[in-house]
2 protein chains.
Amino acid sequence: MSGIRAQQKEKTRRLLIDAALNQLSADQSFSNLSLREVAKEAGLAATSFYRHFNDMDELGLTLVDEAGLTLRQLMRQARLRIEKGGSVIQISVKTFMEFIESNGNEFRLLLRERSGTSTEFRAAVSREIRYFTMELCDYLQKANKLDVETSYLQANAAVTIVFSAGAEALDANESERQELADRTIKQLRFIARGAMDLSSRSK
Amino acid sequence: MSGIRAQQKEKTRRLLIDAALNQLSADQSFSNLSLREVAKEAGLAATSFYRHFNDMDELGLTLVDEAGLTLRQLMRQARLRIEKGGSVIQISVKTFMEFIESNGNEFRLLLRERSGTSTEFRAAVSREIRYFTMELCDYLQKANKLDVETSYLQANAAVTIVFSAGAEALDANESERQELADRTIKQLRFIARGAMDLSSRSK
DNA sequence: TAGAATAGTGTACACGTGTACGCTGAAATA
DNA sequence: TATTTCAGCGTACACGTGTACACTATTCTA
């Protein structure tokens with residue numbers, strides 16, 4: 001039951017997904033993409049699009065899912081690097097910045113649709129960010145032996161800071177990015193220190 | 001030289017600006033607005049739009065400027081409240097949340113265009129945020145006697161956290177907003193504490 | 001092997017868009 | 001007062017959009 005047909009279908013589905021991803025850029029957001037253009041870039045007739053997605057939104061939500069997945073895989077990578085020794089914060093920020101550099105369009109998608117026009121998109125993005133935050137929260141809880149609330153607050157703040165830095169990085173050149181990374185690292189240290197202090201204080 | 005004509009022109013210009021602002025919502029971003037619809041809402045023929053703006057972008061940039069202005073006026077208000085006594089952080093967050101509640105559409109505009117499709121818009125928004133950050137930076141520097149770098153890092157991080165909380169507040173109900181405000185206050189305390197600590201440490 | 005299912009095609013349509021153009025009436029100017 | 005200026009109007013156009021529909025060719029199924 002391999003299914004020559006199903007196989008081919010999956011293949012052109014990917015073509016559509018990749019076409020959409022390729023058309024995203026600093027100057028073009030997902031909502032500006034037209035079904036026709038995406039189909040064209042994928043080498044399909046416009047109407048063939050419907051054999052794979054009900055509408056552009058369905059494609060878009062798929063993209064959001066994939067971007068979130070990429071993000072989580074990335075952080076697993078970062079954890080591996082950390083185990084080999086090195087500053088947790090430094091390595092995390094560096095890894096994230098590398099993600100921005102090589103997956104700019106995926107990140108742009110998350111960034112834009114987070115405050116976009118569709119409730120469904122906003123929900124999807126904030127779900128992905130929540131996953132991301134939760135994983136960090138678990139890590140902090142174990143590594144620093146903090147209570148749940150404090151480590152959640154820290155994780156949430158850290159993710160916010162890092163995402164914001166990522167957004168700035170998109171428009172920045174090499175040296176600006178370096179400076180940005182340094183700033184971000186310091187700010188994450190503020191948060192970590194504050195969390196430690198104010199948590200032990202409440203005991 | 002009052003100019004009946006100039007006066008009338010200014011009046012319908014305002015009509016256009018307000019019409020655009022009114023059409024912004026959770027479901028409609030500025031880039032989705034059409035010149036025709038805005039003119040219609042203002043009670044004008046579509047082509048009359050051009051008597052006031054060269055294109056929709058020009059109107060949009062005007063809106064961004066006004067939103068930034070509102071934001072800064074807001075913080076002056078907050079400072080007055082603070083002088084009457086009370087926690088700096090608490091009052092600032094509360095004031096900001098009130099802004100979100102009564103100027104949701106202006107805030108949405110800033111939020112969306114910050115990562116939007118137009119370089120000019122992105123620049124305009126980040127300029128407004130920079131002003132906002134700088135004012136906070138000055139304040140922190142004087143109030144806490146910190147060095148420039150540390151107070152800038154703190155201001156920058158604080159603004160990021162508060163904006164992010166504001167974005168979440170847009171989709172939240174009353175009780176969620178309260179919880180959100182509490183979280184934000186704690187996170188700002190983390191940052192403040194961390195900044196104090198790590199600044200004195202380096203002396 | 002005959003018939004059903006279906007991925008992909010091309011045509012056609014109604015719709016909303018920005019904007020060029022010429023016109024009108026009232027305000028400004030000389 | 002005679003002339004110029006100009007905010008606002010309506011028409012008209014070309015363009016890109018989503019998608020309904022009928023058709024073809026190939027794979028799947030019984």
Side-chain angles (χ1 to χ4, degrees), chain A residues 1-25 27-63 112-113 116-121, chain B residues 1-25 27-63 112-113 116-121:
Chain A
M1 284 261 191
S2 93
I4 285 186
R5 210 172 218 172
Q7 218 171 318
Q8 190 48 244
K9 185 171 186 182
E10 184 54 35
K11 220 169 174 176
T12 78
R13 188 186 137 99
R14 263 254 71 86
L15 245 59
L16 280 170
I17 293 177
D18 291 341
L21 211 49
N22 275 332
Q23 300 207 336
L24 291 179
S25 72
D27 310 311
Q28 192 132 45
S29 70
F30 183 78
S31 49
N32 297 341
L33 288 183
S34 89
L35 183 154
R36 283 173 115 102
E37 280 296 324
V38 171
K40 195 179 190 179
E41 165 117 5
L44 287 185
T47 48
S48 301
F49 180 94
Y50 295 106
R51 303 292 181 197
H52 302 272
F53 302 97
N54 284 319
D55 50 30
M56 282 292 283
D57 276 12
E58 204 172 302
L59 204 186
L61 290 170
T62 307
L63 287 183
R112 283 172 175 157
E113 299 309 326
T117 241
S118 149
T119 315
E120 214 173 345
F121 271 72
Chain B
M1 284 265 190
S2 94
I4 285 187
R5 210 172 218 170
Q7 220 170 318
Q8 191 46 245
K9 184 170 187 183
E10 183 55 34
K11 219 170 176 176
T12 77
R13 188 186 137 99
R14 263 256 65 89
L15 277 167
L16 282 170
I17 293 178
D18 291 340
L21 212 48
N22 275 332
Q23 302 209 333
L24 291 181
S25 71
D27 310 311
Q28 190 131 44
S29 71
F30 182 79
S31 48
N32 298 340
L33 255 69
S34 90
L35 184 153
R36 283 173 115 103
E37 281 296 324
V38 171
K40 196 180 192 179
E41 165 117 5
L44 287 185
T47 48
S48 301
F49 181 95
Y50 295 106
R51 303 291 181 197
H52 302 272
F53 302 98
N54 284 320
D55 49 30
M56 282 292 283
D57 276 13
E58 205 173 302
L59 203 187
L61 290 170
T62 306
L63 287 182
R112 284 171 174 158
E113 299 309 327
T117 243
S118 148
T119 314
E120 215 173 346
F121 272 73

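To find a chain, count down the sequence lines: A is the first, B the second, and so on, and within it residues start at 1. None of the values given here were measured: they were computed from a predicted structure.
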*Minimal non-hydrogen separation, Arg112(B) against Thr117(A), with atom names*: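 Minimum heavy-atom separation between Arg112(B) and Thr117(A): NH2-CA, 4.1 Å.
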*Heavy atoms only: give me the nearest Leu16(A)-Leu59(A) pair and the separation to one decimal.*
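Reported closest heavy-atom pair: O-CD1, 4.4 Å.
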*Specify the residues of residues 52-63 of chain B, ordered by number, for which at least one heavy atom lies under 4.0 angstrom from an atom of DNA chain C.*
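Under 4.0 Å from DNA chain C: no residue of residues 52-63 of chain B.
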*Does atom CD of Gln28(A) have more than 12 heavy-atom neighbours, drawn from other residues, nucleotides or ligands, at distances under 6.0 Å?*
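Yes, because the 6.0 Å sphere around CD of Gln28(A) holds more than 12 heavy atoms from other groups.
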Nearest-Å distance, [atom1] ([X]) to [atom2] ([N])?
X        : N       : atom1 : atom2 : value
Gln7(B)  : dA26(C) : CD    : P     : 18 Å
Leu44(B) : dT19(C) : CG    : P     : 16 Å
Leu15(A) : dA7(C)  : CG    : C1'   : 14 Å
Lys11(B) : dG8(D)  : NZ    : C1'   : 16 Å
Phe49(A) : dT17(D) : CZ    : C1'   : 14 Å
Glu10(A) : dT6(C)  : CD    : C1'   : 16 Å
Arg13(B) : dA7(D)  : CZ    : P     : 13 Å
Gln23(A) : dT17(D) : CD    : P     : 10 Å

*Respond yes when some side-chain nitrogen or oxygen of Ser48(B) is under 4.0 Å from OP1 or OP2 of dC9(D), and no when none is.*
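Yes, because at least one side-chain N or O of Ser48(B) sits under 4.0 Å from OP1 or OP2 of dC9(D).
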Please table the atom pairs, donor to acceptor, closer than 3.5 Å between any side-chain atom in residues 34-46 of chain B and protein atoms at least two apart or in another chain.
{"unit_1": "Ser34(B)", "atom_1": "OG", "unit_2": "Arg36(B)", "atom_2": "N", "d": "3.4"}
{"unit_1": "Ser34(B)", "atom_1": "OG", "unit_2": "Glu37(B)", "atom_2": "N", "d": "3.0"}
{"unit_1": "Glu41(B)", "atom_1": "OE1", "unit_2": "Gln23(B)", "atom_2": "NE2", "d": "3.0"}

_The criterion is side chain to side chain donor-acceptor pair (under 3.5 Å); which residues satisfy it with Asn54(B), sequence neighbours excluded?_
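Side chain to side chain donor-acceptor pair (under 3.5 Å) list for Asn54(B), sorted by chain: Glu58(B).
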*What pairs with Arg13(A) under salt bridge (charged side-chain N to carboxylate O under 4.0 Å, His left out), at least two apart in sequence or on another chain?*
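So Arg13(A) forms no salt bridge (charged side-chain N to carboxylate O under 4.0 Å, His left out) with any residue.
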_Distance, nearest 0.5 Å, that separates CG of Asp57(B) from CG of Leu63(B)_ =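 Going from CG on Asp57(B) over to CG on Leu63(B), the span is 11.0 Å.
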*asked:* Show me the pairs that pass salt bridge (Lys or Arg N to Asp or Glu O under 4.0 Å) and involve residues 46-55 of chain A, at least two apart or across chains.
replied: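 Listed once each, the pairs would be none.
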*Produce a footprint string for nucleotides 20-26 of chain D: one letter per nucleotide, 5' end first; B if the base is under 4.0 Å from any protein heavy atom, S if only the sugar-phosphate is, - if neither.*
BB----B
*Specify the residue among Leu33(B) and Thr12(A) whose closest nucleotide of DNA chain C lies further upstream toward the 5′ end.*
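Here Thr12(A) is the residue nearer the 5' end.
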*Counting heavy atoms from C-beta on, name the nucleotide in dA27(C), dG8(D), dT17(D) closest to the side chain of Ile4(B).*
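Among dA27(C), dG8(D), dT17(D), the one nearest the side chain of Ile4(B) is dA27(C).
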*In terms of side-chain heavy atoms of Arg36(B), which of dC9(D), dA12(D), dA7(C) is nearest?*
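In terms of side-chain proximity for Arg36(B), the closest of dC9(D), dA12(D), dA7(C) is dA12(D).
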*Is there side-chain contact between Leu61(A) and Phe53(A), with heavy atoms separated by less than 4.5 Å?*
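When only atoms from C-beta onward are counted, Phe53(A) and Leu61(A) do not touch, as no gap falls below 4.5 Å.
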